[in-house]
Peer 1: 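Dropping a structure here in structure tokens format, bear with me for questions.
What you see is a predicted model; the values in this text were computed from it and never measured. Note on naming: letters A, B, ... go to the chains in the order of the sequence lines (proteins, then strands), and numbering restarts at 1 for each one.
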Amino acid sequence: MLKLHNTLSGKKEEFRASDGATVRMYVCGPTVYSSSHLGHARPAVVFDTLRRYLEFSGHTVKLVTNFTDIDDKIIRRAKDEGSTEREISQKYINEYFEDMDALNVGRADIYPKATEHVQEMIDLVQKLLDNGYAYRVGEADVFFRVHKFSGYGRLSGRTPDQVKEARIEPDERKENAEDFALWKAARPDEPSWETPWGKGRPGWHIECSAMSGKYLAPLPFDIHGGGQDLVFPHHENEIAQTEAAFGKPMARFWLHNGFININREKMSKSLGNVFNLRAAYESYPPAALRLFLLGTHYRTDISYTPERLKEATAGLERILDALEKAEKLGDRELNDEAEQEYESAMKHFGESMDDDLNTAAALGVLYGSIHETNLALQSGQDQAELNAIAHAKAAGAMLKVLGLPTRRSDNMLKTRSEAGAQAAAPDEALLNALGEARALARTEKAFAVSDFIRERLIELGYEIRDLPDGKFEIKRRL
RNA sequence: GGCGGCGUAGCCAAGUGGUAAGGCAAGGGUUUGCAAAACCCUCACACACCGGUUCAAAUCCGGUCGCCGCCUCCA
């Protein structure tokens with residue numbers, strides 16, 4: 001039974017889809033005004049993994065991830081570049097897809113954009129104006145009346161009074177400092193939309209309420225996910241708006257992933273340490289990044305260092321090597337003993353994943369199967385070989401759920417430069433010729449020559465391994 | 001100031017009452033012409049510190065120290 005930590009209760013709770021089969025899930029997507037960075041990769045990978053595991057466990061998942069394509073930063077960027085908001089957002093949406101595809105993040109079912117749901121937002125704000133939870137100020141500003149909503153603060157554990165005290169320079173036109181903007185009156189030179197109360201554009205939070213309500217009805221939907229920084233104010237305000245408008249809870253489970261730090265420092269523009277995904281892909285395969293991200297429980301903050309990506313890359317080598325060796329044994333039918341090995345490994349894997357998506361523990365199980373594969377492979381006995389196949393099969397199934405590659409040829413294992421330089425890759429016949437030359441040198445005991453060839457191949461990123469009977473294999477190093 | 005999180009080996013990281021998973025690194029060994037990979041062995045009487053509860057605590061309670069996040073745009 002899957003248990004998930006629900007921010008709403010602060011506890012792990014047993015998760016069941018509200019209708020028993022289909023999980024309706026909303027994960028907050030990016031504001032598309034710049035390239036995706038490490039911080040975007042974490043929620044994408046975490047919730048993609050959750051989705052995969054839910055599907056693996058027999059659920060159908062309907063996933064919605066929004067694009068915030070109108071906000072201050074996009075407007076500023078458009079001005080700076082003499083471009084339009086639409087061009088800016090589209091450019092970074094395209095990049096986002098590329099960067100997430102590389103990480104093997106499955107596409108959501110729907111990617112609603114804020115600008116394409118303005119009418120839904122207007123309707124929602126109107127509803128809140130009508131029922132007294134919102135009020136107009138000035139030209140066309142609309143605020144949410146926080147104190148009228150009794151459940152305010154339940155998610156983040158803050159009271160409206162605490163919020164009030166913390167607010168820096170609150171807009172003095174507000175009735176109360178803790179109130180937040182639903183709609184912003186139009187300013188010159190900024191995009192705006194006509195509404196019954198005047199021209200303007202949406203506040204930040206309203207889009208998620210409008211779009212999740214539209215695509216994941218009826219409320220409450222099952223899972224709402226995002227980075228932990230969104231707990232307050234974003235998600236707290238979403239809950240207030242939605243529940244005040246519809247009189248129903250918004251979502252049953254609220255899941256929040258921890259942060260990524262860079263060398264133990266917060267990643268932020270001001271520190272100049274924002275790590276773009278495409279930069280990371282230059283040197284490390286996306287699969288290594290994904291493995292690194294899954295190596296820590298999703299609610300714990302993690303610190304990125306280049307060493308850790310190297311470690312993850314080494315881990316991938318180990319995993320793929322074992323699977324390759326097992327594959328060479330061919331496709332054989334498992335007997336009872338091997339079948340049990342498989343079942344047992346998968347059971348442990350499931351237990352780890354069931355425990356609030358404990359991918360770090362699940363990786364422990366995966367490495368266990370890798371070890372068992374290697375171990376069995378070494379004995380050469382028939383039963384051992386069947387067990388090796390069983391563990392390799394289990395490892396393959398786990399990798400699939402985790403969204404990690406099972407074979408070396410997977411695109412996820414290519415760095416960006418490699419992906420771009422596909423044509424320049426030496427062909428296999430050429431590599432084999434070198435291998436044969438080296439083998440010949442070895443039989444002649446011309447070890448200076450054979451070692452020279454090996455060294456040169458390593459420099460070029462290829463590893464040559466000697467096998468029994470004078471055979472060899474050459475593999476591309478990750 | 002308010003709210004919250006964290007502190008487990010050289011590094012990373014699971015483990016939330018029953019006697020410390022796993023990965024990387026390191027050392028020794030098997031194997032090898034030498035390597036690589038794999039396998040075997042070693043690597044925390046110990047889980048920031050102090051006190052308490054308990055037959056039993058890394059795990060619960062109290063306190064101390066240290067680090068971090070949110071409260072303002074942020075994944």
Peer 1: Among the nucleotides B:G22, B:A14, B:A36, which one has an atom lying closest to any side-chain atom of A:Tyr367?
Peer 2: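 In terms of side-chain proximity for A:Tyr367, the closest of B:G22, B:A14, B:A36 is B:G22.
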
Peer 1: Reckon A:Asp466 touches a base, only the sugar-phosphate, or nothing at all at heavy-atom distances under 4.0 Å?
Peer 2: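 The residue A:Asp466 makes base contact.
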
Peer 1: OP1 or OP2 of B:C40 less than 4.0 angstrom from a side-chain nitrogen or oxygen of A:His371, does that happen here?
Peer 2: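 Affirmative; the distance criterion is met.
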
Peer 1: Return the 5'-most residue of the pair A:Arg442, A:Glu307 with respect to RNA chain B, ranking by each residue's nearest nucleotide.
Peer 2: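 In this pair, the answer is A:Glu307.
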
Peer 1: Would one find a side-chain N or O of A:Asn358 under 4.0 angstrom from OP1 or OP2 of B:G15?
Peer 2: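 True: A:Asn358 side-chain N/O within range (under 4.0 Å) of B:G15 OP1/OP2.
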
Peer 1: Between A:Ala361 and A:Ile260, just flag the one whose closest nucleotide in RNA chain B comes earlier from the 5' side.
Peer 2: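 Taking each residue's closest nucleotide, the earlier one in sequence belongs to A:Ala361.
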
Peer 1: Looking across every strand, which nucleic acid part, if any, lies under 4.0 Å from A:Asp451 by heavy atom: base, sugar-phosphate, or nothing?
Peer 2: base

Peer 1: Considering only B:C40, B:C34, B:A75, which nucleotide approaches the side chain of A:Arg438 most closely?
Peer 2: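 Out of B:C40, B:C34, B:A75, the nucleotide with an atom closest to A:Arg438's side chain is B:C34.
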
Peer 1: Does the plane of the ring in A:His205 sit parallel, tilted or perpendicular to the ring in A:Phe180? Use 30° and 60° as the thresholds.
Peer 2: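 Perpendicular.
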
Peer 1: Could you tell me whether A:His256 contacts a base, only the sugar-phosphate backbone, or nothing, with contacts defined as non-hydrogen atoms closer than 4.0 Å?
Peer 2: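 Counting heavy atoms under 4.0 Å across all strands, no contact is made by A:His256.
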
Peer 1: Once the angle between the rings of A:Phe15 and A:Phe253 is folded into 0 to 90°, is it parallel (under 30°), tilted (30 to 60°) or perpendicular (over 60°)?
Peer 2: perpendicular

Peer 1: Stacking check: are the rings of A:Phe447 and B:G33 less than 5.5 Å apart at their centres and under 30 degrees in tilt?
Peer 2: yes

Peer 1: Measure from CZ on A:Arg318 to P on B:G23 and round the result to the nearest Å.
Peer 2: 6 Å

Peer 1: Roughly how many Å is it from CD in A:Glu236 to P in B:G4, rounded to a whole number?
Peer 2: 13 Å

Peer 1: Side chain of A:Leu230, heavy atoms from C-beta onward: which of B:A13, B:G2, B:A75 has the nearest atom to it?
Peer 2: B:A75

Peer 1: Testing A:Glu341, A:Glu372, A:Glu337 one by one against A:Asn387 for a side-chain hydrogen bond (donor to acceptor under 3.5 Å, both in side chains), which residue passes?
Peer 2: A:Glu337

Peer 1: Are A:Tyr284 and A:Phe292 close enough, and set up right, to give a ring-ring contact (aromatic ring centres under 6.0 Å, His included), and what steps lead you there?
Peer 2: CA-CA 11 Å; A:Tyr284 301 97; A:Phe292 156 68; over 10 Å; no

Peer 1: Base, sugar-phosphate or nothing for A:His37? Non-hydrogen atoms, less than 4.0 Å.
Peer 2: base

Peer 1: Out of B:A35, B:A14, B:G69, which has the shortest distance to the side chain of A:Arg454?
Peer 2: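 Of the candidates, B:A35 comes closest.
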
Peer 1: Between B:A35 atom C1' and A:Leu457 atom CG, what is the distance in whole Å?
Peer 2: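 After rounding, the gap between these two atoms is 13 Å.
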
